[in-house]
Amino acid sequence: MSLPASDHLRYGGDYNPEQWPVEVWDEDHAAFTLAHVTTLTVGVFAWAHTEPREGAYDFTRLDAIVGRAHAEGRDVVLATPSGAMPPWLARAYPDTCRVDLEGRRHVYGQRHNHCPSSPDFRRLSVAMAGRLAERYGDHPAVVAWHVGNEYGGACYCDLCAAGFRDWLRARYGTLERLNAAWNTLFWSHVFGDWDEVVPPSMLSEHWRGPNHTAFQGITLDYRRYMSDRLREGFVAEKAAIRAHVPDTPVTTNLMGFYQPVDYHRWAADLDFVSWDNYPPLPDDPLRTAARMAATHAAMRGLKDGRPFWVMEQTPSTTASRDVNPVKRPGVLGLWTWQSVAHGADATLYFQMRQSKGACEKYHGALIDHSGRTDTRVFREAAELGAGLARTGAALLGARTPARVALLLDWDSWWAVEMTDGYNRHVSYLQTLLAYHRALWSANAEVDVVPVTADLSGYEVVVAPVLHLLKGDVVARLTAHVERGGTLVTTFYGGRVDEDDNAYCGVPPLDPLLGTRVEETDSGVPGAVNPVTLVLDGETTTHDATLVFELLVPDERTQVVGTYGAEFYAGRAAVTRARRGDGAAWHVATGLDDAGVARVLRHVLAGHGLVGPHADDEGVEVTRRVAPDGTTYAFVLHHGSAPVTVTSQVAGEDLLTGRVVEVGAPLTLGSAEVLVLRT
Amino acid sequence: MSLPASDHLRYGGDYNPEQWPVEVWDEDHAAFTLAHVTTLTVGVFAWAHTEPREGAYDFTRLDAIVGRAHAEGRDVVLATPSGAMPPWLARAYPDTCRVDLEGRRHVYGQRHNHCPSSPDFRRLSVAMAGRLAERYGDHPAVVAWHVGNEYGGACYCDLCAAGFRDWLRARYGTLERLNAAWNTLFWSHVFGDWDEVVPPSMLSEHWRGPNHTAFQGITLDYRRYMSDRLREGFVAEKAAIRAHVPDTPVTTNLMGFYQPVDYHRWAADLDFVSWDNYPPLPDDPLRTAARMAATHAAMRGLKDGRPFWVMEQTPSTTASRDVNPVKRPGVLGLWTWQSVAHGADATLYFQMRQSKGACEKYHGALIDHSGRTDTRVFREAAELGAGLARTGAALLGARTPARVALLLDWDSWWAVEMTDGYNRHVSYLQTLLAYHRALWSANAEVDVVPVTADLSGYEVVVAPVLHLLKGDVVARLTAHVERGGTLVTTFYGGRVDEDDNAYCGVPPLDPLLGTRVEETDSGVPGAVNPVTLVLDGETTTHDATLVFELLVPDERTQVVGTYGAEFYAGRAAVTRARRGDGAAWHVATGLDDAGVARVLRHVLAGHGLVGPHADDEGVEVTRRVAPDGTTYAFVLHHGSAPVTVTSQVAGEDLLTGRVVEVGAPLTLGSAEVLVLRT
Amino acid sequence: MSLPASDHLRYGGDYNPEQWPVEVWDEDHAAFTLAHVTTLTVGVFAWAHTEPREGAYDFTRLDAIVGRAHAEGRDVVLATPSGAMPPWLARAYPDTCRVDLEGRRHVYGQRHNHCPSSPDFRRLSVAMAGRLAERYGDHPAVVAWHVGNEYGGACYCDLCAAGFRDWLRARYGTLERLNAAWNTLFWSHVFGDWDEVVPPSMLSEHWRGPNHTAFQGITLDYRRYMSDRLREGFVAEKAAIRAHVPDTPVTTNLMGFYQPVDYHRWAADLDFVSWDNYPPLPDDPLRTAARMAATHAAMRGLKDGRPFWVMEQTPSTTASRDVNPVKRPGVLGLWTWQSVAHGADATLYFQMRQSKGACEKYHGALIDHSGRTDTRVFREAAELGAGLARTGAALLGARTPARVALLLDWDSWWAVEMTDGYNRHVSYLQTLLAYHRALWSANAEVDVVPVTADLSGYEVVVAPVLHLLKGDVVARLTAHVERGGTLVTTFYGGRVDEDDNAYCGVPPLDPLLGTRVEETDSGVPGAVNPVTLVLDGETTTHDATLVFELLVPDERTQVVGTYGAEFYAGRAAVTRARRGDGAAWHVATGLDDAGVARVLRHVLAGHGLVGPHADDEGVEVTRRVAPDGTTYAFVLHHGSAPVTVTSQVAGEDLLTGRVVEVGAPLTLGSAEVLVLRT
């Protein structure tokens with residue numbers, strides 16, 4: 001099963017009209033029509049009114065909402081309400097509330113905080129999913145199912161502890177294996193009985209929070225377990241739906257680069273991927289744009305590059321940040337088209353109309369508290385809706401023709417950031433994004449994929465901070481290089497095995513990279529060791545910070561960059577080892593953006609993968625290839641002022657009919673978007 | 001009942017001589033005589049020695065202390081000791097200790113931390129108050145009763161939870177009403193049973209602390225409830241006193257702008273207001289002076305402008321801050337006279353003699369550990385005592401003739417600072433103080449009053465961040481403007497109703513202001529949008545930060561200030577709508593001090609309310625009108641160097657007999673004070 | 001009993017080979033031989049494998065480890081494993097886990113966290129110590145016993161509370177005495193029953209953490225008690241060892257300036273002192289070097305100047321810091337020789353081979369994960385081992401001939417940093433280190449001793465922040481001055497008695513200093529009051545910060561330094577009172593390093609105690625006098641570049657045979673060390 005059937009790029013979003021009188025629904029739908037809204041997500045927080053007391057189901061309101069949408073010709077994404085418990089549930093079954101990292105049992109409040117091991121929560125959420133499926137399974141408006149909401153967090157209760165022990169028994173079989181995996185002879189932690197294992201919390205192995213643990217192995221396994229545990233709830237609800245609904249796709253809304261949950265462990269259970277796009281407060285718009293591109297690619301990479309949905313984005317402001325600026329004019333359209341450019345087949349909002357009260361009352365909406373449609377936000381959203389409609393079905397199912405893979409690995413992310421030693425200021429994600437940014441700036445099409453992905457279609461594989469090695473990744477990377485591909489790795493690569501134990505002797509990635517890390521030096525943030533790169537006969541010097549590996553290259557390894565300071569001045573900082581027909585790079589330090597760009601541009605150029613307009617800052621170009629073979633090039637201008645460039649792309653713009661030719665001057669307004677049929 | 005009878009400005013303070021031998025008492029009283037001390041506060045922390053075991057009362061020490069004061073001709077403010085429990089009480093009745101925001105039950109320690117719902121604490125504290133009243137009710141030295149001490153904080157125990165449900169039942173009557181008030185359909189929070197409601201803590205609705213809550217309505221009501229709950233304890237003790245003491249006034253010492261407790265909900269139960277003046281560590285002496293002036297006015301505003309007492313201030317250093325500098329020479333006198341200038345009829349210290357041990361041993365005192373009276377601190381305090389004595393009864397009962405009202409509202413304060421959305425860096429209090437400072441710098445007399453205050457006596461009403469509207473405030477503000485008054489409001493005004501739900505459609509304050517807020521932009525601290533003001537034919541440009549409302553003015557509204565940057569450059573940032581005979585201003589952004597001053601000086605000038613010496617920085621002038629009609633003008637020089645100005649005031653100085661004439665040169669030393677009979 | 005017998009400076013460190021296969025042990029020992037390793041610390045974390053279930057002892061692995069060491073000709077320091085509980089113990093006896101300052105009972109995890117009051121922990125740890133002693137007591141390889149590991153932290157459980165009450169009963173005898181000591185009449189805290197006393201935690205007297213308490217007396221006593229409580233565990237294990245082992249010395253590894261435990265209370269129970277040298281992340285290498293010198297002196301000072309062991313230091317990186325740089329070339333040798341220069345008779349590492357997994361896997365080791373001996377780290381360690389071996393027995397037992405004493409007092413440290421009032425930014429330790437640094441820079445030999453030390457051998461006594469006075473310290477300081485010695489004290493000196501109650505009237509130290517502190521002003525960090533010093537006819541001006549005491553000198557007191565700003569400009573900031581044949585200085589403010597150096601150089605010069613090369617920055621010179629009377633001068637060059645100086649020392653270098661003469665040019669490489677037989 002894959003994406004919901006559609007004949008257009010779906011447009012719309014979360015709609016919770018139970019909060020206001022039915023009279024207002026008329027205004028809502030009139031506005032939706034103005035804005036070309038086709039699809040509404042309903043029921044996400046409906047538990048309290050669909051089951052106001054245990055077992056007392058009442059679908060009056062939901063019937064009305066779904067029925068009204070259908071009557072207006074709109075489709076519905078129907079949510080199960082398990083993302084937010086009703087008060088009666090927490091009161092009747094206190095074990096549905098979590099115990100937090102500090103060991104405190106919570107009581108009723110907030111949302112997204114049920115204990116995933118609670119049998120009562122499981123029973124009641126699954127029953128609700130079944131009831132919904134039974135009632136709405138063949139409703140003609142319902143095009144997709146949305147289970148729960150933004151799964152995340154962790155619980156540390158006794159039920160979760162018991163579940164952890166079961167999970168460990170299944171993973172390790174014997175205590176001997178577990179003790180070896182966790183290296184428990186260190187600090188006298190040898191477990192003699194499964195029941196001695198307790199969750200790694202602030203009352204046991206942790207201090208200073210979730211990333212400081214005395215035993216990385218325990219904590220790493222708890223994260224894997226908790227990812228699985230949360231997923232079990234999703235799977236159980238999905239099964240309850242499937243019992244009544246044979247062929248409507250089921251998803252849940254993911255959160256992009258969300259560290260606590262390993263989405264690669266979830267991907268197989270999702271019929272299609274959807275995610276909520278709330279980038280951090282923009283400092284630099286180009287960094288934000290690059291980050292969103294990376295996230296789209298990562299979400300697309302969960303299901304082998306198939307298109308995905310943007311399930312949520314804000315039409316204007318967020319509410320949960322300390323500072324919540326409005327989206328600047330054009331940005332809503334630009335970002336929405338960017339999501340389409342990177343593989344979205346639907347772009348939805350949170351939310352259609354603003355809540356009246358509680359913590360999201362100032363979160364943006366298509367229709368704000370004033371109820372007006374003559375606002376800037378509504379106007380821009382309506383124009384965007386019209387533009388999306390104009391493309392019809394052309395883009396549906398189109399794929400990204402990437403020849404570059406960027407490896408994303410939750411295990412490495414977790415392991416690097418929870419390790420003691422070297423440098424706590426290293427961010428796995430920021431490093432990954434820095435490497436992505438260099439590729440994105442070059443308008444190279446990039447897939448962001450798990451380390452288990454088939455690499456045979458890629459010419460360049462970039463693996464930043466590939467700290468933890470698992471499965472046959474070394475063999476596949478080696479094969480990739482030997483058949484002529486390029487591999488780029490960084491500091492901290494290939495240090496530990498799947499159990500987070502250090503490799504002793506020769507680490508398995510070293511022979512491919514042709515380097516040995518003799519020592520790893522660290523610096524406080526801001527302390528710079530200049531690194532000189534010699535590439536293509538040109539010499540440049542860049543700031544390197546945080547981590548400085550002292551490499552011993554082998555005889556086949558070429559030194560491309562050298563340190564300029566400290567007792568290791570002159571020693572290798574960046575190397576390239578030719579292996580087979582390809583090359584393996586080792587960037588052994590925290591190079592600045594220009595340095596990373598220097599290396600990656602060189603690599604891309606070697607494979608002819610530098611994209612069009614790579615030197616026009618702020619001009620993003622990326623392509624999708626439709627099932628019928630047509631290629632669409634998206635040109636997105638992220639700059640705040642108009643620019644005129646000499647076009648390196650050609651085609652007819654689906655939005656305006658404008659024809660663009662290679663070599664002709666191309667003027668792009670701020671936030672302008674072209675969708676060229678090439 | 002009102003203030004305690006007196007024939008002089010009372011002077012003295014907290015005196016806890018049970019900590020040292022009776023021999024020392026002789027030195028104490030000799031020093032008090034030198035310093036013109038007339039009034040001692042005793043018994044604040046006396047529970048442990050007046051009831052060393054439950055029911056075993058022992059007033060030996062207290063008798064001696066009160067008796068000795070009386071014998072020396074001094075009056076006594078007698079405190080009930082409920083501000084600090086004795087150890088036996090906490091041990092016998094663990095529920096007298098609070099459960100904190102983190103859900104932790106405390107054990108014995110510190111002070112000001114009894115659970116206000118504990119029946120045992122209530123029973124025992126009321127019994128003690130009754131015993132004290134019985135014993136000292138007709139003691140000739142006792143001129144006032146001081147119940148508890150600095151009430152504050154909050155408890156989250158099961159008893160408080162039960163009390164909260166009772167309070168809600170009384171407020172809302174039905175669950176339907178409660179669910180509507182809290183907008184519980186959002187996030188599936190519909191309460192089906194009163195018992196499902198739990199206090200909003202870090203284990204339920206909160207994260208990151210007291211200002212981050214998923215449901216503002218719940219948290220807002222909990223603060224109202226806790227204010228009431230604490231007050232009940234005060235009222236119960238007061239009733240026990242009243243049973244024996246028909247006509248001695250009862251108060252408790254408030255803490256100025258103390259966010260957790262809504263003093264407006266307390267005011268009716270206080271016979272007179274007293275408060276403890278510990279301004280934050282001075283960065284800029286003028287800001288500190290302005291803040292104290294604002295606080296005096298706010299405390300005076302609790303009881304319709306009647307005089308109040310300063311119950312505590314430090315003669316020298318505090319002890320509880322990270323850095324505790326000594327008060328500079330003259331500052332003690334200057335600040336004390338400032339309190340009198342703004343309505344104090346008594347000025348007392350914490351403390352008369354320094355504690356020997358525990359956490360306040362380095363808090364300043366009239367008599368320090370050395371026991372000497374030849375210290376700078378003692379000398380200054382003694383000079384001040386002499387000066388106060390010199391004024392006799394002249395100033396008692398005198399009122400401030402303010403024509404400007406500044407609206408203070410705990411509900412808005414709470415609502416703004418606990419809301420998600422827009423900008424978490426906005427401080428209600430700092431904004432209020434900025435507007436006050438502009439009025440104060442102009443030496444305009446200002447009352448700081450609740451939104452329920454009678455506005456008919458004011459020409460100018462300033463209502464910064466009047467976020468939450470309640471009662472008939474809009475009608476009264478409208479009437480104020482229509483009869484010729486000026487209203488100045490700011491960003492965030494009139495957004496939510498009493499339940500903290502956003503107004504949908506047209507917010508009720510908008511017609512008066514003549515503006516509609518189409519969007520609200522936010523900036524990180526330090527990010528500036530320049531705002532240009534055109535007033536009185538003069539153009540100035542000011543920094544605006546944090547919040548930027550995008551206004552749509554109506555046809556009768558004049559744009560006075562415009563934004564200079566961002567996509568809304570040129571749009572209205574400050575507007576004035578003429579309505580009836582008056583005008584309503586909307587300052588839609590975080591204007592800097594100069595910008596606020598520019599607006600408010602213009603407004604004051606329009607009403608002829610700019611005070612004397614408004615352009616002499618650091619020279620504060622304010623008046624009190626005695627019951628006999630005499631007006632006293634206080635001239636206070638906050639600058640650190642002497643200045644000579646051309647006098648704009650006239651009269652004879654009560655302190656020195658010096659005669660000041662309008663137009664004559666007037667030299668003011670650093671920290672100099674004149675009290676002119678005009 | 002004193003240090004373990006030896007014929008050489010012991011070299012080696014922690015070795016936990018149970019973590020890897022026996023085959024690797026061969027490589028280990030081969031490497032040890034290359035590195036001249038003589039001594040291995042084993043068993044520190046062995047509990048899990050020596051008693052895998054309660055009562056089921058299994059010494060197979062430990063036999064093998066100890067036996068193998070012996071077979072290789074190496075000595076063993078045998079540890080009891082009580083520093084890290086096995087899981088079964090925590091599960092069987094939950095009360096072995098601590099309750100933390102927040103009142104939370106912990107469960108199994110980490111290490112160094114047993115409850116010192118748990119009878120089960122005591123029983124089982126003592127039984128284990130006994131078993132070990134029985135088995136290995138007469139093993140020829142075992143040269144010392146190492147009980148537990150890095151004792152520290154605190155527990156707040158009910159058992160510890162009961163123990164606290166017993167401790168108090170023993171200390172105070174009566175509640176009257178306790179109430180007086182804690183000044184409980186303040187804030188109504190009078191205890192009427194011993195059982196009313198609860199530990200001072202975040203649930204009782206504390207807020208903001210361990211240094212913010214309402215009752216300093218309670219918290220001070222809890223720290224004393226907890227120091228004693230932890231020590232009881234050490235003493236109990238030692239007794240169990242002693243039952244089988246009559247004459248092998250017993251120690252535990254201390255942590256230098258570790259605030260939570262008063263090592264002066266432990267010293268008598270240690271047969272010899274050993275400590276772990278992990279200086280904070282170096283900002284400035286000279287500050288780090290000075291700090292280590294101070295710490296060596298403080299550890300040496302625990303046992304009257306007898307030599308000590310460095311039980312741990314890292315050969316390369318730490319792992320527990322946020323940033324963990326590698327030791328620069330030569331630094332390992334330099335720091336190790338520095339420890340010998342200051343009295344170490346053994347220098348050991350943590351660790352011999354790197355752990356494979358868990359939180360110390362990236363902590364440095366002699367042999368890293370690669371297992372290689374051709375690394376820089378191994379090479380430097382091996383060279384160092386050779387150098388140490390070259391000195392043979394020459395330095396064993398040699399003492400430091402110091403004439404300067406620096407007083408270190410945990411009670412003052414605790415009292416100053418937990419007090420409310422004046423300035424929270426004052427650091428006892430940083431102040432002490434600043435005064436030490438001035439002495440160290442002058443190459444003056446310094447002992448760091450408790451206030452109870454015999455002062456008769458010293459000419460100069462420096463007592464920074466001697467806040468709390470106890471015993472006869474004032475009498476001994478007075479005698480010291482009267483017989484011609486110099487005393488240097490600072491701000492905050494002599495303020496409180498042993499109970500942390502302020503002195504009333506004339507504080508006992510004042511007559512010796514000839515000053516009275518009239519007021520104590522405070523400044524925020526960075527706020528400077530310039531202080532002018534006039535010494536030896538020269539005038540210099542220095543920054544003073546944080547604390548500014550306003551002194552009233554008596555007639556015999558000379559003002560040496562004066563404040564330059566604030567209302568006390570011109571008043572005394574530094575004074576010298578001549579008393580008897582000596583002088584007592586009072587440095588009444590936070591002088592900067594240059595100012596402190598100015599004062600102390602003057603003082604040292606007056607006693608002829610400025611050492612050689614005092615003006616050659618980075619050149620440390622210090623001496624040890626061997627039992628045979630030979631004096632060895634250590635010359636250590638901490639600078640990063642070579643220097644050539646005119647030698648002020650003479651002798652033959654034990655390491656190279658090079659002969660150094662006074663007046664001849666002496667070139668020192670970076671990190672170079674000379675050990676001169678003079």
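Below, chain A is the first sequence line, B the second, and so on; all start at residue 1.
- Taking SG of A/C359 as the start and CE of B/M418 as the end, the distance is 12.5 Å to the nearest 0.5 Å.
- Heavy-atom distances place no part of A/R353 under 4.5 Å from chain B, backbone and side chain included.
- Ranked by heavy-atom pairs under 4.5 Å with chain A, the list B/V506, B/D193, B/D195, B/T520 is led by B/D195.
- For A/T317, the part sitting under 4.5 Å from any heavy atom of chain B is the side chain, from C-beta outward, and nothing else.
- In this structure, chain B has no heavy atom under 4.5 Å from any part of A/S640.
- Open room surrounds CG on B/D158; 12 or fewer heavy atoms of other groups in view lie less than 6.0 Å from it.
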query: After noting the C-alpha distance and the side-chain angles of B/E519 and A/V377, does the key distance pass the side-chain contact (heavy atoms from CB on, under 4.5 Å) rule?
result: CA-CA 9 Å; B/E519 299 186 63; A/V377 169; 3.9 Å; yes
task: Given side-chain contact (heavy atoms from CB on, under 4.5 Å), test A/Q19 with B/N183 step by step and report yes or no.
output: CA-CA 7 Å; A/Q19 295 175 79; B/N183 195 42; 3.2 Å; yes
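- Atom CZ of residue B/F186 and atom CD of residue A/E18 lie 11.0 Å apart, to the nearest 0.5 angstrom.
- Ring geometry for B/F191 versus A/Y108: interplanar angle over 60°, hence perpendicular rather than tilted (30 to 60°).
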- prompt: Going through the distances and angles, do B/E196 and A/L89 end up as a side-chain contact (heavy atoms from CB on, under 4.5 Å)?
  reply: CA-CA 9 Å; B/E196 289 165 8; A/L89 198 155; over 6 Å; no
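- Heavy atoms of B/T219 lying under 4.5 Å from chain A are absent altogether.
- Counting heavy-atom pairs closer than 4.5 Å to chain B, the top residue among A/G83, A/S316, A/A46, A/P86 is A/P86.
- Highest contact tally toward chain B, considering only A/R328, A/H369, A/H49, is held by A/R328 [criterion: heavy-atom pairs under 4.5 Å].
- A salt bridge is defined here as a Lys NZ or Arg NE, NH1 or NH2 lying under 4.0 Å from an Asp or Glu carboxylate O, and B/E518 with A/R376 fails to meet this definition.
- To the nearest 0.5 Å, atom CD of residue A/E102 and atom CZ of residue B/R104 are 9.5 Å apart.
- For chain B, no part of A/H363 is nearby; none of its heavy atoms comes within less than 4.5 Å.
- Taking all atoms of both residues into account, the shortest heavy-atom contact from A/H106 to B/M202 is CE1-O, 3.2 Å.
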message: Assess the residue pair A/R321 and B/R424 against the criterion (side-chain contact (heavy atoms from CB on, under 4.5 Å)); give the C-alpha distance rounded to whole Å, side-chain angles, the decisive distance to 0.1 Å, and a yes or no.
response: CA-CA 8 Å; A/R321 315 286 169 75; B/R424 284 273 178 188; over 6 Å; no
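- Neither the backbone nor the side chain of A/P52 comes within contact range of chain B, judged by heavy atoms closer than 4.5 Å.
- Note on B/L546, B/D497, B/D499, B/N423: by heavy-atom pairs under 4.5 Å with chain A, the leading option is B/N423.
- Residues B/S188 and A/A48 share a closest heavy-atom pair of OG-N, 2.8 Å.
- Residue A/D368 touches chain B through its side chain alone, counting heavy-atom pairs closer than 4.5 Å.
- Salt-bridge check for B/D521 with A/K327: failed, with every basic side-chain N at 4.0 Å or more from each acidic carboxylate O.
- Counting heavy atoms of neighbouring residues, nucleotides and ligands inside a 6.0 Å radius, atom CZ of A/R53 does not exceed 12 of them.
- Residue A/A84 comes nearest to B/W187 through the heavy atom pair CB-O, 3.7 Å, listed as atom of the first residue, atom of the second, then distance.
- The minimum heavy-atom distance linking B/L203 with A/R105 is given by the pair CD1-O, 3.9 Å.
- Salt-bridge check for A/K361 with B/D500: passed, with a basic side-chain N closer than 4.0 Å to an acidic carboxylate O.
- Using a 4.5 Å cut-off between heavy atoms, B/F548 makes no contact with chain A at all.
- Rounded to the nearest 0.5 Å, atoms SG (B/C504) and CD1 (A/I367) are 11.5 Å apart.
- The distance from atom CG of B/D420 to atom CG of A/D322, rounded to the nearest 0.5 Å, is 9.0 Å.
- Taking CZ from A/F45 and OG1 from B/T184, the interatomic distance works out to 13.5 Å, rounded to the nearest 0.5 Å.
- Looking at every heavy atom in both residues, B/H189 comes nearest to A/P87 through O-CG, 3.6 Å.
- Of all heavy-atom pairs between B/S204 and A/Q110, the closest is O-NE2, 3.0 Å.
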